Structure formats: structure tokens, C-alpha cells
Novice: 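Below is one structure. I have some questions about it.
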There are 4 protein chains.
Amino acid sequence: MRGHSTGNPQERGTSRGPRAAERIYEATLELLAERGYQDLTVEAVAERAGVNKTTIYRWWPSKAPLLRSALLHSRVLDVEIADTGSLRGDLVALAGQMVRMVSDQRTSVVARAMLSGGGQDELAVVARDFFADRLERERPLFARAVARGELAADADPVLLIDLIAGAVWMRALLRQLPLEKGFVESVVDAVVPPRLQESDPSNRSS
Amino acid sequence: MRGHSTGNPQERGTSRGPRAAERIYEATLELLAERGYQDLTVEAVAERAGVNKTTIYRWWPSKAPLLRSALLHSRVLDVEIADTGSLRGDLVALAGQMVRMVSDQRTSVVARAMLSGGGQDELAVVARDFFADRLERERPLFARAVARGELAADADPVLLIDLIAGAVWMRALLRQLPLEKGFVESVVDAVVPPRLQESDPSNRSS
Amino acid sequence: MRGHSTGNPQERGTSRGPRAAERIYEATLELLAERGYQDLTVEAVAERAGVNKTTIYRWWPSKAPLLRSALLHSRVLDVEIADTGSLRGDLVALAGQMVRMVSDQRTSVVARAMLSGGGQDELAVVARDFFADRLERERPLFARAVARGELAADADPVLLIDLIAGAVWMRALLRQLPLEKGFVESVVDAVVPPRLQESDPSNRSS
Amino acid sequence: MRGHSTGNPQERGTSRGPRAAERIYEATLELLAERGYQDLTVEAVAERAGVNKTTIYRWWPSKAPLLRSALLHSRVLDVEIADTGSLRGDLVALAGQMVRMVSDQRTSVVARAMLSGGGQDELAVVARDFFADRLERERPLFARAVARGELAADADPVLLIDLIAGAVWMRALLRQLPLEKGFVESVVDAVVPPRLQESDPSNRSS
DNA sequence: TGGTAAACGAGACGGTACGTCAGGTCTTTCA
DNA sequence: TGAAAGACCTGACGTACCGTCTCGTTTACCA
């Protein structure tokens, strides 16, 4: 009766990481926040986690995968898609979340980190997966909008998302301008013109 | 007096750079193209330029300013704004240029480099200045559009640019997706809806 | 047969070593031959023997005792003392054996290994025991010589052995010179001058 | 008139070693004495010398050459050949020196070190050179003995030295026996029989 | 024949040192 | 005398073995 256990795959010796994984993840994210990705070193993570350097190298080949694991494990990148009842409302909520991501100290560091290497090194995988995952969670939003008649059935959700997200990232991280109040609404309105939203109010009840 | 000669501001005996500046710039850009920004090292630049490391450090405090100089000196980032006679045409041309920048081997490396550090380190200055400079060159485009009545006088050009550029960068560098044919037009049409452009020609005269 | 007596001590159920002892010894000696003592690692021995590292550490505290066991188990260091009928002949045979030991690939590595640490570390025990054991086997040779009148009764056999062996080791391992033909005879003649051997044949019968 | 200097080749920027060479040599020999060759680490040398590890690696590829330099620079291995007026006296003095070398704490460590690796690794060069150099310094001793008629002109000095030195090293380092009083004389007498020394006293005056 | 104790395999771990690379600084040389 | 060269310190890299430990799994004796 040893091995049947409860069914939780994590439970037995799945050995999916070092024993001190938790502490290592914490240390990684702390140091990322303190120093940025470039100055994040495996050595420092090991020391802060109270773990030997070799232990980290045993499980992750370099700092990018390590950070990737830490990010996946923590939930800082988790996305929540609100359902406000209207396309505009959903998009404003979405854009607001993006703004928060590039503004909040804890997540902006991660966002900047994902830019590091510009999609070239291993961290790029994190970025790509993150955006892909996000996209999947966002699709229902558009499906709802189509169902409500707020959006043409052949509209390209990815394009809309990229326009919105791109504008946010562009301004905050590349132009390095503050994101003023009203910015979110401007962006959404530019992409989904208000007149389209209002043209058929009856759709909302359907 | 070494530089003798004409009126090129670089050439004056103002000691604005090391004697081997040219070779250093070349080496810098070559290595950037070969290795990317992260793996661009002052050490390697010095060696390829046939110059001692200290010579570089005397003139530039770190690799970011060095790259900045190299980029300014070369003309890879120069922008040309076309005048096609219509807002849509101008924007398509503009977006096409952006696509080329993130696609072409020589410039995409630079684009990725500008993302490095996510606007945190010294290279951010390059990015910020680049986008600011670009913006100034692009403003006349919008002025013309306003004059032609294709755009409301209070429209925000920065927003339009950010939407377009953001979408391009987003897709190419963060999502790491290929930019298909027609993408440029889709982007522009999403931001400046065709129906607005065509639906009411009389607007132009107003 | 060295161990005289009946039951091979190894064979009793006294659990004097791991089950895979044989393979471990082989691996040890192979690796010693390939890499020398310094670069002989427990890790490599374990791998080649197809045994877990801990199995080795369970039985031997470190690599020196391991090597010691391996050497004792193999017979590479076994000595055979010839009886040629004359002191000179016996010594020449003896010296020849020493020369072979420091020359032959398989044993010279062992000889070098015994020098490692210069009598300081645990391997020194091997060396000391080896030479002590050798000496005991050599003593009869001198007893015979004394009986034959070739050697004064109070002559010091250890000194003679050390002179001969020392010269061989000195030249081969420290001076790193080749041992030419005739070297053995020169050494023996220097220690047991021929004139003493031949000048008074009547001594033999006395 | 800066550079012409006195003619000492060491004096100018011959750059034959790091600036802190002196301290590095000291640290090396100290640590050798404290820990033995095996446990001598470049890391520790660097730390004790107050020098960075890389500085050492810049000048010496590994610890063996480093130790070699340190030994050459210090004079611990210097040999002095006495002239006592007789072959026996000279050899006794010589053997005494050897005994001192393998006995004295400061030099015995070096002697043991030279055995390390058994003439296989780079330290072997130290040993070989040391013995070769010694030999050259010892040759006059034999020349004098030949001139005095104490030694046949065709006698092999190397053999005599190897017999004496070998016996000393053998007993002290391999057999690990104490060198009792009288040992030196026994060794010399065994190699250069007293009767030969005394047979023709008149030679001495010639 | 079935229980049990020794031996074993698997593999993670903290640790020391390795030898290397690059970042910057400081000192010396030289034109 | 100021630019260049070169030596230097610092910090981190990623790797190899070390010797230890825990935890299940054989193996083999023997009861």
C-alpha cells in the first residue's frame, strides 16, 4: 500500500525540483525585483535561499529557466479576465490590467525582464508562452462580444490585443512616459470606436 | 592637428573620441549583429577594433553609451517619412518601415537591443531618444492629415503611433510571430478605420 | 601463495568487502593506469565498476585505502626472490626486478603512485608495507650469502637493499633517466664490489 | 636616462611575473609547508598573498609551475658543496645535506612534494632540474677525488650519487624510517669502501 | 520458505576548488 | 603630458569531485 496514494501527482517522489524550491523561487523573485534581470545572479539566489550553488545548477541550466520556473510557480503573471457585460468594458479592464503590470513595482520588473534579450535568449520563451497563454484566456471575451453583436465575427482578436497591449508597453517601457489617467480609455476607444459600441444598444440585452 | 579639414563637427580637434573611433564603431555594430546586445562585450569590441580595453573605457563609461554612439554614428536608425498624399498611405508607409526595422537582420538586432533592460539601464536613453526623435519627424504627417481633413484636429498622434508601432513590436518581438503580408494594412485600418476615411469625403474640405 | 593456509580469508562470510569488489578493483587499477594517482577519482571508479559511489565509501574511507586494497588484491606488487647461488646473482636478479617495476607500464604507475604524497598521506602505508614485506622476503637471500661466506655476518641487508633500490628509483623516477643496459650490474657491483666476491673464492666454502 | 639601467636583466620591465610575486612565493611555500602539495590550492595562495586568483592564473598555468617558480626563487633548494679534502669527507658532507633535506621540516615538505605525481606531472620538471643542477655542482667533488687518486678516472659519479641519495630518500620517505646517527657514514662507506680510501694515503698529498 | 539484516542503488545535498570570462580601475610606458 | 597598453582586483560563471545522507530495494542467510 505504498504507492497508490491520493492521486496528487506532486505527492510522491516526482522530484520536480530541489527540496528548497520554495525558498529558491522566493529568493529569485526578490532579487529580480531588487536588481533587475541583468544583475540577477545564480550565486546570489543560492546564497539568499540558503542553498548551495550546485543545487541550483543541478536543476536549472541557467538563470533564464530558473526565473521561468519561479515566475510560473508564483502567480504574479496570472491573468484574470473580467466579464463586464460589454466589449468596451472588458477591454478597458484588460488594458487596465496591462497598465498595472507595467506600472506595479513587482510586475514591472518582470515585464522589463521579459523584454531583456529582446526575444532572443531563453527568457523569450517565458514571454512567448505568457502572451500565448494570456491570449487563450482572452478569447472568450471576444467570443462574447461577437455573440452580443459588438464585434464582427471575422474580427481578429489578436490584432486588437496587440494594438492595446502594444500601445501600453510602447509608451510605458520604450517611450518611458507616464501613463496618465484616461490613457486606458483612449486606447480602447481608438481600437473599438465608441460609435460602434453604441450603434446598437439593444445587443447588450441579448 | 590631426583632423585638419573641413567642418564636420566630429573632426575638430575637440577630442570627441578615440583615434580609432571608426574601427570601434564598426566592431561594436558587427558584434552586436553577431551576438546580440547581451553578449556584446567591451572586451570583444576592443579586441576586434585592435584597441586596448581602457581606450574604450576612457571615452564611454559602459557598453550602452558606446552602442549609443555607434548607432548615432552609423545611420541605421535614420527615419524617412514619406508623403503619399493620404493619411492611410502615410501610415502604411510608416508601419512598413517599422516592420522592416524589426525584420531586417541589421536593424532587428538593434531593435531587440533597445528592449534590453526594459527601459531601465542606460540603453534606455537610446530608445527614448530614438522614439522621441521619430515622433518629431512624424508630426508633419499628422499635420498634413488634419489639414486634409482626414483627422480631427484634436486627435492624438502619439497614440496613433503607439498603437501602430506597439502592435508591430508586440507581435514581432514579444509574441515572436512572423509578420504576414497584409498585416501592415490591417493594423492601419484598425487604427484609422477605412469607413472613416472613405465614408464621408466631404469631410476633407471642411 | 602468499596467504599460506587454508581458507582464503576473503572467502569467509566475514563480509570483507562489497559484492562487486572484483570489478571495483579492476576499475581502480585501470583508472590508475590511465590517469595516474592524482587524477584517480572515486567517482570514476564507481562509474566504471557499475557501482554506486556510496558503495565504495561504505567500504573504504578514501581513495588511498581503496587503492591499497586493489593493489593487495591484484598481484602486481608480488615479489619473487630468485636463488641463483651467488650473492651477486641474487642481487642482480633483485635489481632487475626493481628495474622492471619502475619501467613496466603496469607497475610503474603503481610505483609512481606510491611516491605520491611523499609518504605523508594514507597511501604511504602501502609504500611502507610494501617495502617492509619485500624486505622480509629478501632477508633469506642475505642469510644464504652469509652462509656462503660472501657477506660479513654483521652486514646490514637493509642498507644494501636501500642502496640498490634507491639508485634504481632515483634514476628512473626522480632523475627521469632511462635505465640503460648494464645499469643493474653497475649498481650491484658498486654495492658488492666484484673484487670482494672473487678475490677469495675459498671464502665460499668456509 | 630611464631605461638603460645597470644590466641586471631582472631589473626593468621584463615582466617576468606579477608585481606581488614575492608575496605569492612566500604564500606558496608557507602553504606547502602547512598542508603538503596535494592540499596546496591556488585559491588559498591567492588569498594569503592578498592577490586575486586570476593574477596567479595569468602567470602560471597551474600550481605545479607556480611551486616551481617559488622554489627557484627561494633558495631552500640551494646546494653547497663542501671541500673537506677527502672523498669520504666530501661524500659524508653531501649525504648529511641530503639527510637534512629530507628531515628538516622546511625542506622535507619540498622533497615530498617533488615525489608527488611520481615524476609524471609538471612538478617532475622541478625534480629533474633540481637533481641535474645538483649533479653539476657535485661533479668537481669527484674531479678532485680523481685528482687525488681516491677514485678511478672512469668511475661514474652519477652512480655514486644515486646510490647515496637513493638510500637516503628510500629510507626516509619510502620506508619512512628514522635516519639514525651513523647512517650517513654507513652509506658512504658502503659505496666508497674504507679500504679503498686508506689504501694509498700518499695520494692525498699529490 | 519466509523473515530479516546487511548490502546496495539512486540521487540530492552542502561544500571546496577549479579554471575562465568580463567588468572596471590603476600604473606604467611611450610618442 | 596625455593617450595607449597592460597589469590588476572583483565578481560571477559553470563544472568536477568530494564525502554525506536518506530512502527504498535487493540479496542471502537462517530459523
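Worth saying up front: this structure is predicted, and the values here are computed from it rather than measured.
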Novice: Can you tell if the side chain of C:R23 reaches within under 4.5 Å of the side chain of C:V51, non-hydrogen atoms only?
Specialist: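 C:R23 vs C:V51: side chains touch.
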Novice: Within this structure, what is the CD-to-C1' distance between C:Q38 and E:dA17, rounded to whole angstrom?
Specialist: 15 Å
Novice: When the distance from CH2 of D:W60 to C1' of F:dC8 is rounded to whole Å, what number comes out?
Specialist: 13 Å
Novice: Of the nucleotides E:dT16, E:dA17, F:dC8, which has the atom closest to the A:T54 side chain?
Specialist: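 Taking heavy atoms from C-beta onward, the closest nucleotide is E:dT16.
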Novice: Between atom CZ in C:R48 and atom P in F:dC17, what is the gap in whole Å?
Specialist: 13 Å
Novice: Show your reasoning for whether side-chain contact (heavy atoms from CB on, under 4.5 Å) applies to C:L29 and C:R106.
Specialist: CA-CA 9 Å; C:L29 294 178; C:R106 293 190 321 205; over 6 Å; no
Novice: For B:A44 and for C:R23, locate the closest nucleotide of DNA chain E by heavy-atom distance; then report the residue assigned to the nucleotide nearer the 5' terminus.
Specialist: C:R23
Novice: Side chain of D:R19, heavy atoms from C-beta onward: which of F:dC9, F:dA28, E:dT27 has the nearest atom to it?
Specialist: E:dT27
Novice: Reckon A:P18 touches a base, only the sugar-phosphate, or nothing at all at heavy-atom distances under 4.0 Å?
Specialist: sugar-phosphate
Novice: How long is the gap from OG1 on D:T28 to CZ on D:R68, to the nearest 0.5 Å?
Specialist: 14.5 Å
Novice: Rounded to the Å, how far apart are B:W59 CH2 and F:dA4 P?
Specialist: 7 Å
Novice: Rounded to whole angstrom units, what separation is found between the OH atom of B:Y37 and the P atom of E:dG23?
Specialist: 10 Å
Novice: Over how many whole Å does the gap from C:K63 atom NZ to F:dC17 atom P extend?
Specialist: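 Value for this atom pair: 11 Å.
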Novice: Spell out yes or no: do the side chain of B:K53 and the base of F:dG6 have one donor N/O and one acceptor N/O closer than 3.5 Å?
Specialist: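 Per atom types, no contact qualifies.
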Novice: Whole angstroms only, please: what is the CG-C1' distance between A:L66 and F:dA12?
Specialist: 15 Å
Novice: Which of the following nucleotides, F:dC8, E:dG15, E:dC8, is nearest to the side chain of A:N52?
Specialist: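 Nearest listed nucleotide: E:dG15.
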Novice: So if I take every side-chain heavy atom of B:S62 and compare against E:dA22, F:dC9, E:dG24, which nucleotide ends up nearest?
Specialist: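 Closest nucleotide to the B:S62 side chain: E:dG24.
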Novice: Determine whether A:E34 and A:R48 satisfy the following criterion, salt bridge (Lys or Arg N to Asp or Glu O under 4.0 Å), listing intermediate values before the conclusion.
Specialist: CA-CA 13 Å; A:E34 293 173 16; A:R48 179 164 306 185; 2.8 Å; yes
Novice: With respect to the side chain of D:V51, which nucleotide from F:dG14, E:dG9, F:dC9 is positioned closest?
Specialist: F:dC9
Novice: Are any of B:T55's side-chain N or O atoms less than 4.0 Å away from OP1 or OP2 of F:dA3?
Specialist: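 No, because none of the side-chain N or O atoms of B:T55 sits under 4.0 Å from OP1 or OP2 of F:dA3.
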Novice: Does a distance-only test, which skips hydrogens and angles, find a donor-acceptor pair under 3.5 Å between the side chain of C:R58 and the base of E:dA7?
Specialist: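 Looking at the base of E:dA7, it does not pair with any donor or acceptor on the side chain of C:R58 (distance under 3.5 Å).
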Novice: Nearest whole angstrom, please: distance from the C1' of E:dA7 to the OH of C:Y57.
Specialist: 18 Å
Novice: Verify, without hydrogens or angle tests, whether A:K63 (side chain) and A:Q38 (backbone) share a donor-acceptor contact under 3.5 angstrom.
Specialist: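 Yes: the side chain of A:K63 pairs with the backbone of A:Q38.
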Novice: Pick the closest DNA chain F nucleotide for A:T41 and for D:A20 by heavy atoms, then say which residue is nearer the 5' end.
Specialist: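 It is D:A20 whose nearest nucleotide is closer to the 5' end.
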